[in-house]
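Below is one structure, written out as structure tokens, with a few remarks after it.
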Amino acid sequence: KGKSIKAMINILIKNDLINIPDRKFRIFIDLLREHFKQNIGTYASINDSDKKIPFDEIFLNPIINKLKPLIKNHEANKNNL
């Protein structure tokens, strides 16, 4: 669970969809837990998942494909400003 959440967060940050200030990652994870009201993984499993084994394309591609509509919509809205 933590690995997928961390990959999603990294993709959203990379595409300027979210910004998590320094030292606020734990608060962000707590807010995700509260919002989804389910186990999304421990803080350590989420925060450290990409440090243990870097994400590869086989793992990332399905997550990127699910987020593509959101990313494209954001890019379109950003270009219309």
Side-chain angles (χ1 to χ4, degrees):
K1 290 180 184 180
K3 188 175 178 181
S4 297
I5 295 288
K6 180 66 174 197
M8 179 192 67
I9 291 169
N10 288 349
I11 293 165
L12 294 174
I13 289 171
K14 180 181 174 186
N15 288 281
D16 296 324
L17 284 155
I18 62 172
N19 179 23
I20 303 171
D22 291 340
R23 306 182 62 88
K24 300 296 182 190
F25 192 76
R26 182 177 293 275
I27 293 169
F28 181 76
I29 296 304
D30 290 342
L31 290 170
L32 283 179
R33 269 194 205 100
E34 185 177 318
H35 178 77
F36 290 110
K37 298 185 183 350
Q38 64 182 3
N39 182 8
I40 62 168
T42 65
Y43 171 78
S45 72
I46 296 169
N47 190 47
D48 298 335
S49 62
D50 60 340
K51 295 174 186 169
K52 295 175 188 169
I53 301 172
F55 300 142
D56 60 10
E57 285 186 31
I58 295 169
F59 176 76
L60 286 177
N61 283 343
I63 298 169
I64 291 169
N65 287 337
K66 287 182 181 179
L67 292 174
K68 270 186 184 176
L70 179 66
I71 293 167
K72 285 183 180 184
N73 188 19
H74 175 71
E75 289 171 355
N77 287 335
K78 192 167 60 172
N79 291 334
N80 289 334
L81 293 179

Can you get from I13 to L17 by hopping between Ile, Leu, Val, Met, Phe, Trp and Tyr side chains that sit under 4.5 Å apart?
-> yes
Would you mind listing every salt bridge (Lys or Arg N to Asp or Glu O under 4.0 Å) that reaches into residues 56-76, with sequence neighbours excluded?
-> none
Shortest non-hydrogen separation from A7 to I63 and the atoms involved = CB-CD1, 3.7 Å
For the side chain of N73 and the backbone of P69, is there at least one donor-acceptor N/O pair under 3.5 Å apart?
-> no
For G2 and I46 the tightest heavy-atom approach is CA-CG1, 3.6 Å
Residue pairs fulfilling salt bridge (Lys or Arg N to Asp or Glu O under 4.0 Å) with at least one residue in residues 23-45, sequence neighbours excluded | D30-R33
How about D22: does its CG atom have over 12 heavy atoms from other parts shown lying under 6.0 Å from it?
-> no
Check the pair I9, L32 against side-chain contact (heavy atoms from CB on, under 4.5 Å), reporting the backbone distance first and the verdict last.
-> CA-CA 11 Å; I9 291 169; L32 283 179; 4.2 Å; yes
Is the NZ or CZ atom of K3 both under 6.0 Å from the centre of the six-membered ring of F59 and within 45° of that ring's axis?
-> yes
Report whether I27 and Y43 are members of the same hydrophobic cluster (ILVMFWY, side-chain heavy atoms less than 4.5 Å apart, transitive linking).
-> no
Any side-chain heavy-atom pair of I29 and I40 under 4.5 Å = yes
Listed by chain and number, what are the ring pair (Phe, Tyr, Trp, His ring centres under 6.0 Å) partners of F28, not counting sequence neighbours?
-> none
Taking atom OG1 of T42 and atom CD1 of I5, what is their separation to the nearest 0.5 Å?
-> 11.5 Å
Test the K6-F55 pair against the cation-pi criterion, namely NZ or CZ under 6.0 angstrom from the six-membered ring centroid and within 45° of the ring axis.
-> no
Please assess L60 against N10 for the test side-chain contact (heavy atoms from CB on, under 4.5 Å), listing each intermediate value before the final yes or no.
-> CA-CA 10 Å; L60 286 177; N10 288 349; over 6 Å; no
Between F36 and L31, is there a shared hydrophobic cluster once you connect ILVMFWY residues whose side-chain heavy atoms come closer than 4.5 Å?
-> no
Residues L67, M8; criterion side-chain contact (heavy atoms from CB on, under 4.5 Å); working and verdict = CA-CA 8 Å; L67 292 174; M8 179 192 67; 3.9 Å; yes
Atom pair CD1 (I11) and CD1 (I64), whose distance is rounded to the nearest 0.5 Å = 4.5 Å
